[in-house]
Amino acid sequence: MELLYKSTRGDKAEITASQAILQGLAGDGGLFVPVRIPRLDISLKELAGMSYQKTAYEVMKLFLTDFTEEELKHCIACAYDEKFDTEAIAPLAKVKGACYLELFHGATIAFKDMALSILPYLMTTAAGKNGVKNEIVILTATSGDTGKAALAGFADVPGTRIIVFYPKDGVSPIQEKQMVTQKGDNTLVVGIRGNFDDAQNGVKELFGDQELKEELLEAGFQFSSANSINIGRLVPQIVYYVYAYAKLLESGELSEGEKLNVVVPTGNFGNILAAYYAKQMGLPVGKLICASNDNKVLYDFFRTGEYDRNRPFILTTSPSMDILISSNLERLLYRIAGGDAEKDVELMSRLGTEGRYEITPEMREKLSDFCGYYATEKETAKQIAEVYEDTGYVMDPHTAVAACAYGKYTAETKDTAKTVIASTASPYKFTRSVMEAIDKEQYGGMTDFELIDELAAISKTEIPNAIREIRTAPVRHKAVCGVNEMKQTVLEFLGVKTGGTYGF
């Protein structure tokens, strides 16, 4: 049965998966959602014996129904290959009573690789299916990880260009070095004078600029997105929760039908929304534990039913979660409002004008699957140090936020259900924060690359290729602009109105 997609904000048109992937954002500013959540049509026992690639096909075929079996299997095979440093793709590490789902074994050592390795193939296949002749311009805001993963995925892909905006002083030194050294004649990386929310809002405004859209079409370009607002990003993320459950079933850690709790460190809400979709598909998931850092807007939302971004923006050691406007939450709001687009528009309008909204009691009742916890900077550092001292396992700050949230959840609820913690980035991506958490006195005076060598020594792990290759890589992207200069930056890079590509 074909699965179609519609906007959260009321556009009546229902479109195919490939069309939704190409558009990225709906014309009315909403996000594309499936008209229904499909159910898994294969038993968990069958899934237990499958590779990651086969699991991906069984999940994604249910959402991407206008892709042929051959097309989808080709996209999956091209995505989940030797770019990952383990055949398991997303292995599970058992540490102190929990299972860490390691989502950082891809080319850029962060969980964004899990979806952004396949998105370029989905998008170029979708373009062919829909007769698109224009060059596709991927426009993306990043809080650190999406940018590099998207750049790596789309670099030198024919028929595409990619522009990534990131907060100039809001990512880790390693994250920034990964982005600004990116190769590819079709790539552009630009630092924004502002925070991630500024970059994300700026990108959304560009998507909604009809005059710009028409100018680009005349010049042979059209926008799409690699952010998790693109349904082509969200669907591949569902896979690894299904895979994790199946592998725990295979190893005997779970019995069939046993509930599995999931803890996810999240800022933009896409990663935990994927776990929610997996549950809606029939995966036996218990609680969805949303872990926040000091920018605890989601924690407050799940505790009170009020979303309020009117608060100080705090730069933390887990920068990919330094977000006050969680875009993917809109998809959940739409669902718990019973598909009421008018209610969704009302809430999003209030967020835009007042910076806050409150959901109805009826909507709150439908959030029983979720609970929120947060970790302070001090708690995050303590978690990294204690787990290392007790087990030798080294985790990054985002994973530490999740581990801390898990500890608070079990202390409060006494729930002993088997739990998977989404480990979203390699500690090598945040070496200074990690090493100073372990021993600030010993490691505080070292350079970032000296710390990498020390991390390899204490963790007894190999330095990832993603880190080795940036040690001596030249900086290729030096552009910085204000939010009000983003449109002109895009036009100049594309050579529209300026007579040639801008010389960054």
Checklist entry - Is the closest side-chain donor-acceptor distance between Asn328 and Ser228 under 3.5 Å? => result yes

Item to check | Centroid-centroid under 6.0 Å between Tyr245 and Tyr241 rings | outcome: no

Next on the checklist: Once salt bridge (Lys or Arg N to Asp or Glu O under 4.0 Å) is applied, what residue pairs with a partner in residues 274-302 remain, sequence neighbours excluded?
Outcome noted: Lys279-Asp369, Lys296-Asp300, Asp300-Arg311

Next on the checklist: I'd like to know if Asp113 and Lys83 make a salt bridge, using a cut-off of under 4.0 Å between side-chain N and carboxylate O.
Outcome noted: no

Checklist entry - Residues in ring pair (Phe, Tyr, Trp, His ring centres under 6.0 Å) with Tyr388, at least two apart? => result none

Next on the checklist: For residues 384-408, which residue pairs pass the salt bridge (Lys or Arg N to Asp or Glu O under 4.0 Å) check, not counting sequence neighbours?
Outcome noted: Lys96-Asp390, Glu379-Lys408, Lys382-Glu386

Checklist entry - What closest approach, in Å, do Phe154 and Ala226 show between heavy atoms, and which atom pair accounts for it? => result CE1-CB, 4.3 Å

Checklist entry - Residues in side-chain hydrogen bond (donor to acceptor under 3.5 Å, both in side chains) with Tyr307, at least two apart? => result Ser326

Checklist entry - Taking only residues two or more places apart in sequence, or in another chain, which ones meet Arg36 in a side-chain hydrogen bond (donor to acceptor under 3.5 Å, both in side chains)? => result none

Next on the checklist: We want to know whether Asp322 and Asn293 form a side-chain donor-acceptor pair, criterion being a heavy-atom distance below 3.5 angstrom.
Outcome noted: yes

Checklist entry - Does a side chain donor of either Ser433 or Thr317 reach within less than 3.5 Å of an acceptor in the other side chain? => result no

Item to check | Of all pairs that satisfy salt bridge (Lys or Arg N to Asp or Glu O under 4.0 Å), the ones with a partner from residues 418-428, not counting sequence neighbours | outcome: Glu253-Lys418

Checklist entry - With a 4.0 Å cut-off, would you call Asp448 and Arg432 a salt bridge? => result yes

Checklist entry - What residues, two or more places apart in sequence or in another chain, satisfy side-chain hydrogen bond (donor to acceptor under 3.5 Å, both in side chains) together with Ser43? => result Glu46

Checklist entry - Who passes ring pair (Phe, Tyr, Trp, His ring centres under 6.0 Å) against Phe32, sequence neighbours left out? => result none

Checklist entry - Sequence neighbours excluded, which residues qualify as ring pair (Phe, Tyr, Trp, His ring centres under 6.0 Å) partners of Tyr334? => result none

Checklist entry - Taking atom types as modelled, is there a side-chain donor on Asp197 or Asn195 under 3.5 Å from an acceptor on the other? => result no

Checklist entry - With sequence neighbours left out, what residues match Tyr276 under ring pair (Phe, Tyr, Trp, His ring centres under 6.0 Å)? => result Phe370

Next on the checklist: Checking side-chain polar atoms at under 3.5 Å, does Gln280 have a donor or acceptor matched by the opposite partner on Arg39?
Outcome noted: no

Checklist entry - Taking only residues at least two apart or on different chains, which pairs with a member in residues 411-432 satisfy ring-ring contact (aromatic ring centres under 6.0 Å, His included)? => result His398-Phe430

Checklist entry - Going by atom types only, do Asp145 and Ser320 share a side-chain donor-acceptor pair under 3.5 Å? => result yes

Item to check | Minimum heavy-atom distance Leu122-Pro236, with the two atoms named | outcome: CD1-CG, 4.5 Å

Checklist entry - Taking atom types as modelled and ignoring hydrogens, do the side chains of Gln237 and Tyr240 form a donor-acceptor contact shorter than 3.5 angstrom? => result yes

Next on the checklist: For Leu451, is there any backbone N or O sitting under 3.5 Å from a side-chain donor or acceptor partner on Glu454?
Outcome noted: no

Next on the checklist: Does Arg303 qualify as a cation-pi partner of Tyr374, given the criterion of NZ or CZ under 6.0 Å from the six-membered ring centre and within 45 degrees of its axis?
Outcome noted: no

Item to check | Sub-6.0 Å ring centroid separation between Phe196 and Phe313 | outcome: no

Checklist entry - Are Glu412 and Tyr373 close enough that a side-chain donor and a side-chain acceptor fall under 3.5 Å? => result yes

Next on the checklist: Considering only residues two or more places apart or on different chains, which pairs with a residue in residues 164-181 satisfy salt bridge (Lys or Arg N to Asp or Glu O under 4.0 Å)?
Outcome noted: Lys168-Glu176

Checklist entry - Which atoms form the tightest heavy-atom contact between Leu3 and Pro38, and what is the distance? => result CD2-CD, 4.0 Å

Checklist entry - Taking the side chain from Ser318 and the backbone from Met321, do they hold a donor-acceptor pair closer than 3.5 Å? => result no

Next on the checklist: Taking atom CD as the centre, does Glu462 end up with more than 12 heavy-atom neighbours from other residues, nucleotides or ligands that are less than 6.0 angstrom away?
Outcome noted: no

Next on the checklist: Side chains of Gln53 and Asp81 only: does a donor on one sit below 3.5 Å from an acceptor on the other?
Outcome noted: no

